[in-house]
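Below, chains carry the letters A, B, ... as their sequence lines are ordered, and counting in each starts from 1.
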Amino acid sequence: MNIEFSKNDLEFQQKVRNFISKNLSNELRNKVANGSEITKEEIISWQKALHKENLFAPGWKKEFGGAELSASKRYILDQELALADTPTIIPFGVTMIGPVLMHYGTPKQQSFFLPKILNSDHWWCQGYSEPGSGSDLASLKTKAILKGDKYIINGTKTWTTLAQYADWMFCLVRTSFEGKPQEGISFIMIDMKSKGITVDPIITLDGAHEINTVYLEDVEVPRENIIFEENKGWTVAKFLLSHERTSIAAVGKSISAVKKLKQIANIELNNEGSLLITDKRFRDRLTTLEMDLKALEFTELRILSEENKGVAPGPEASLLKIRGSEIQQRITELTMNAVGYYGISNDLANSNADRSNSNQFRPDYSQNTAANYLNMRKTTIYGGSNEIQKNILSKMVLGL
Amino acid sequence: MNIEFSKNDLEFQQKVRNFISKNLSNELRNKVANGSEITKEEIISWQKALHKENLFAPGWKKEFGGAELSASKRYILDQELALADTPTIIPFGVTMIGPVLMHYGTPKQQSFFLPKILNSDHWWCQGYSEPGSGSDLASLKTKAILKGDKYIINGTKTWTTLAQYADWMFCLVRTSFEGKPQEGISFIMIDMKSKGITVDPIITLDGAHEINTVYLEDVEVPRENIIFEENKGWTVAKFLLSHERTSIAAVGKSISAVKKLKQIANIELNNEGSLLITDKRFRDRLTTLEMDLKALEFTELRILSEENKGVAPGPEASLLKIRGSEIQQRITELTMNAVGYYGISNDLANSNADRSNSNQFRPDYSQNTAANYLNMRKTTIYGGSNEIQKNILSKMVLGL
Amino acid sequence: MNLSLNEEQLLIKNSAEKFFLDNLSFEQRNKILTSDGKLFEDLILKSKELGWYGLPFDQKFGGLGGNITDVMTLIETFGASLHIDPYIFSLLLPGKIIEHFFDEDKKSHYLDKIINDNIKLAYCFAEPNIRFDIHKLNCKVYLEENKYFLKGKKMLVLAADQANSIIVPAIDKDKNVYLVKIDNTSKNFLSNKYKIIDDSDAVDYEFDGFEFNENDILVKLNYDEYKKKISIIFDYLTLAVCSEALGVIEKMYKLTLEYVKTREQFGKRIGDFQVIQHRMVEMYIIKEEMRSLNCSAQVSFSNNDPKERIKSISLNKIFLDTKAKEAAQDCIQLHGGMGVANEMSIGHFFKKLTFLSMLFGDSDYHYKRYELADKI
Amino acid sequence: MNLSLNEEQLLIKNSAEKFFLDNLSFEQRNKILTSDGKLFEDLILKSKELGWYGLPFDQKFGGLGGNITDVMTLIETFGASLHIDPYIFSLLLPGKIIEHFFDEDKKSHYLDKIINDNIKLAYCFAEPNIRFDIHKLNCKVYLEENKYFLKGKKMLVLAADQANSIIVPAIDKDKNVYLVKIDNTSKNFLSNKYKIIDDSDAVDYEFDGFEFNENDILVKLNYDEYKKKISIIFDYLTLAVCSEALGVIEKMYKLTLEYVKTREQFGKRIGDFQVIQHRMVEMYIIKEEMRSLNCSAQVSFSNNDPKERIKSISLNKIFLDTKAKEAAQDCIQLHGGMGVANEMSIGHFFKKLTFLSMLFGDSDYHYKRYELADKI
């Protein structure tokens, strides 16, 4: 067993580092580090820069313009991007619809959409959940009725992340009411500029506007926008979810967040006036977190190592989602502990107010602590709640 | 709110203390304190002494020879007996079959059995579980076929605690195979000297012989030994189980065990050579345990307080069983932590060996630590496993 | 032995619940929070008619002389209804400061003002760099040419925004502690107002050689005496925080139970899934345990044993910051996507609980406090 | 990057599993444990034919030169089969002591003896009152009239009963450490043999001015050097303990999964209940995490970075004493009454895990060790 990197890997690591130091402004890095909101423009221009160096689609095949990197290089890239406080890549295009198109898309669909995803010209969102059908996706009610060569779509999608920016939405719709609920579902791509689409914000606990409800009223979508076959959308959806599950583990992001947490604990004092990092009670919780994160990291590495040998990740990837999301939450919770009373201010609300003299009152690292804590509650709910993941593991891996 | 005791209560407390100091030998106290096995004779003579002072059946009505003590006096008695390291009262007679007889028994059954229970002349055991029917009591298979004025009983009972000492067993048997499984069950008392009974020991994890399998082969039992009505045994069984659930919380015993644990932590040293009680890691686990125990104690007191006002404990008593058993386990686990390497010796096996010079090697307080830890694993399983208790609470209290 | 509420306490509870039912539904609450101060003032005035402001104080100072259980019963209803009056900070904290520190004359004067008039005080209990230790004071008083000056920072002064004056505790070089009354509208110091996650306001202050009059010194006493008195006051307040949190968690449990009984997924109520059932049972046990610990803390607060008082209150606070917090997280989880939407009330209860679990010390602080008290 | 077993390691694993299948079923194991030593000796001899005793040692000393993963792969199979050879204590511990402390001549001599001959040594690593700190030595060496004496206690000397000699580390007034070889049959000291919960034997010793010869001094070195070397050795052994525990927990998971798939209650397999399913999933994740941490510890043991080595091994041990222990408790719970019966194998795995979780330091010890290493 070893995780030694080859010379080639190490050169790649250096290349990534050089890229980052050349392309990431101090201002943007600080915004990412403090958990401030990154604008659409900042995200797009960062993604374009990555693409220029062929670092945007490490898992895509070369024939589609991807980098087709080895498992170890992808691991390195993920780590470096996370540790350097670069903006998180929006996954709906490159990580989600991209692989779906490569696997199930027609040549026409591929040649139209893939280049625009690579170049971040299309911003994608995901139309899966509906009011009343959260984890139980198969019960979705949004209808698509074929009329000539167009579908007429009616229904409501919700929890649609960043739909306010989206050019396109991939969407699950019901095209048949026969058979099992799963059997009448189709996977379709909708232009967000179509007539009949309304995007309504949902404000979350932290006060932020990240998710939306999308109302679809007599929206016309060309029949050719179906992916794979009509009524076979469930197959596509499952393919996509298993891809989401792996990326959702966010190991690199968590390693970076723990590093920041340790920095805070090297500044903040405990109740006895010693550095917090030396406080046994805090320290042990931190160590426990590092332990679980190390276990997660090596579980991911073990899966990557198998992938390197050509074994595709199976349903056991659900465990990455379960532990990855729990760890993300625990980091924000421990950060709340670390910053003490700074942690209960509602910084998103306050950022709208006059903050001219606020810096002298509270340290930068304490910004958005509560917002992060509150926002991360979602991680165990979305992408198939952790309860659903356990049902999957129980059935598919344990055979129960 | 107050838990102040009346003058009368305090006099009672003094009476109990005087009784204990007069009747409990140092030798017996030490055996209880070290968790050594108490002989049948020691238990019986202790119970008889309690009965002489009318302290053996605090909850029984006076008409049946009980003390009919108030809730606060019962609380005081429980605490005093536990804190003074007196032998645990065997519950099968006085706490279990006693109340059943008082509630459901015929005058004849009452006048024959109750005095013998009070005087510890009859040792009782409980014939509920069977191989293959643990938590699912209603699936029991032991058959009782009426033949004239006698039942002929065939079947196997298991996990029968201290059956090796028992004079009588109360037992659930199937008297009908019609209707729902619960409907064909009867509650019957069996003389353990009857022909056809074999008691086989089951050795538990700790190496001790406390439980047994009882084989019943054509055992003849008089029809009059049925309690309540034929095929109505399930009603009796439920009545008994709810009584068991409250006593199973063992608050007094746990308070006493925590006191002992603190004494150990005031002798043992941590890895840095300081007293273990000052070790933050150990200390916080101890505090957490004390917190949960305090919550349990006051939950019991709140229920007693309601009982004083005439409200009978309902299914919510299941929570006492759940937390009480968890706490008992955690105390033994923390005691394992406290004694360090002393805790992994198999003292029950060693007690049979020559121990002439063993005392100089290991402190008395470390005796039987592993045995207790292993033995207490049973508490979350017996008396209706904690999973079953949660099912009960979910249905009966939460309405799910 | 009696651990149930008496008739008076049931009356307090029922009338408070009725008040909130009539005046502070979730919709009404949102309306008050997003309007100017008028609706808020109306609500407070109406609540004062019920005698809530007099309840915690002695009759000889114009109070109603309620005992600990009376007050905690009331505060528990605040939690269950997400009451927006910062009662603990605008009334209880300054009131108890006045009660324990002020001489008889000042006591009558100031208690009457905060109970009956609309005079508001805010007490500065927190500073940066001392975390949760209410005994520490870095804020300094010094004399220069017979003038008094204040130097230091105070943070998280709750209910300060509407207060007429703030009371600033500070220490001089001889270890005397001063409680200094400062006009909240003064411009001679820096301040920063901000929102707390439970929708209340707080203000941070920085005094950089702020001059004040001898008349503004409400109290002067030596540090040891200060410590002893402040300790009892904050035990009382910590218990109040726990009682409010008890109301919060009890209500979160109810909302969640209701939700799992109605929300359907996979063709069943989610409350039909055994995993959900057992988690609900765990939550039920936790809120019962929380009530038991609250009960135990009230009992030991009434008894005159500082060791047991400190220990039982700290256990209650530890439980709040560990088990109750986890239960609250589970409530969000069981609400699924609805749990993280600001339009649902459950999230607001969650934020209130998050705030209360840290206030006056998180579990680490109280573990330490328990350990020290155990050694007494 | 490669984290899978190579072909050689798969061979080690498969042949060991086959050996245990043939020679150490639960029934065979019980028979060996309750018989006199003959069956035990036969088993050990057979196992030595597979090269297990040579695997951890360099070829130039008669070993097979296996790397860390080779050895840990083998030891994991011991856990999964409850192997009754105290391999870690009769071979690995004395072997590594010899390898790191002895001079070249002695090294060849003694390693050859324990690998190939039937000579057994036991090393005294534990003392009363030092808890788990393997660096501390209270056992004293002193000289009187040119004679050497030993004074102190050693406890929990595992595999001592069958050992020809025990190696006692002790310290003199000048902070020199001596490793003293003592004839185990001597009557000039007190000893107490007892059973451990995993059915193995241990001996406690007390030396009260026990005289020994200069020839019996195997090694003499200064304390700092001793500490450095002993630290690496016990990292290796702690990793071995974790690997054995990994085998145990993996097997407990399998047995429990099998049990819940067959045991019926309320007319269903208990594995049909969602609560049981989710607990099994949690257990599955835990044993995967345990393997990942073991993997991480092996990787950092091979690399030459003491900080990462200490940290990753301590994380593995903490995980064993916390999460894996809880999972093991859950295995007993899910077995219900059968879980606490000595006639079932599950309880024996549980006892083994309990033993291993404490051995060479519980979680508290390793939390501390991790913290210290993190500061390096």
Applying a strict 4.5 Å limit to non-hydrogen atoms, the region of D:S363 in contact with chain A is neither

Bottom line for A:T288: the part with an atom under 4.5 Å from chain D's heavy atoms is both

Okay, A:E297 and chain D: the region with an atom under 4.5 Å from a heavy atom over there is neither

Stepwise side-chain contact (heavy atoms from CB on, under 4.5 Å) check, D:D321 with D:Y365:
CA-CA 11 Å; D:D321 190 40; D:Y365 178 73; over 6 Å; no

The interface call for D:Y284 against chain A, heavy-atom contacts under 4.5 Å, is side chain

| request: Output yes when D:E250 and D:R291 qualify as a salt bridge under the 4.0 Å nitrogen-oxygen rule, no when they do not. | output: yes

Give the intermediate values and the outcome of salt bridge (Lys or Arg N to Asp or Glu O under 4.0 Å) for residues A:D279 and A:R283. CA-CA 6 Å; A:D279 183 276; A:R283 180 72 230 195; over 6 Å; no

Heaviest contributor of heavy-atom pairs below 4.5 Å to chain A, chosen from D:K311, D:E288, D:K375, D:E289, is D:E289

The interface call for A:K280 against chain D, heavy-atom contacts under 4.5 Å, is side chain

In terms of heavy-atom pairs under 4.5 Å with chain D, the winner among A:I322, A:T287, A:D292 is A:T287

Within residues 268-282 of chain D, contacts to chain A at heavy-atom distances under 4.5 Å involve D:R269, D:G271, D:Q274, D:Q277, D:H278, D:M280, D:V281, D:E282

- Any salt bridge between D:E76 and D:K13, counting N to O under 4.0 Å? no

Open item on the list: Closer than 4.0 angstrom, basic N to acidic O: yes or no for A:E326 and A:R323?
Closed with: yes

If one checks every heavy atom of D:N6 against chain A at 4.5 Å, the contacting part turns out to be neither

More than 12 heavy atoms of other groups within 6.0 Å of A:E11 CD: yes

Quiz item: Between the main-chain N or O of D:L3 and the side-chain N or O of A:S305, is there a donor-acceptor pair closer than 3.5 Å?
Solution: yes

- Message: With a 4.0 Å cut-off on N to O distance, would you call D:D235 and D:R369 a salt bridge?
- Response: yes

Quick note, ring-ring contact (aromatic ring centres under 6.0 Å, His included) partners involving residues 244-267 of chain D, not counting sequence neighbours, are D:Y259-D:H335

For D:K287 and D:K251, indicate whether the former's side chain and the latter's backbone hold a donor-acceptor pair under 3.5 Å. no

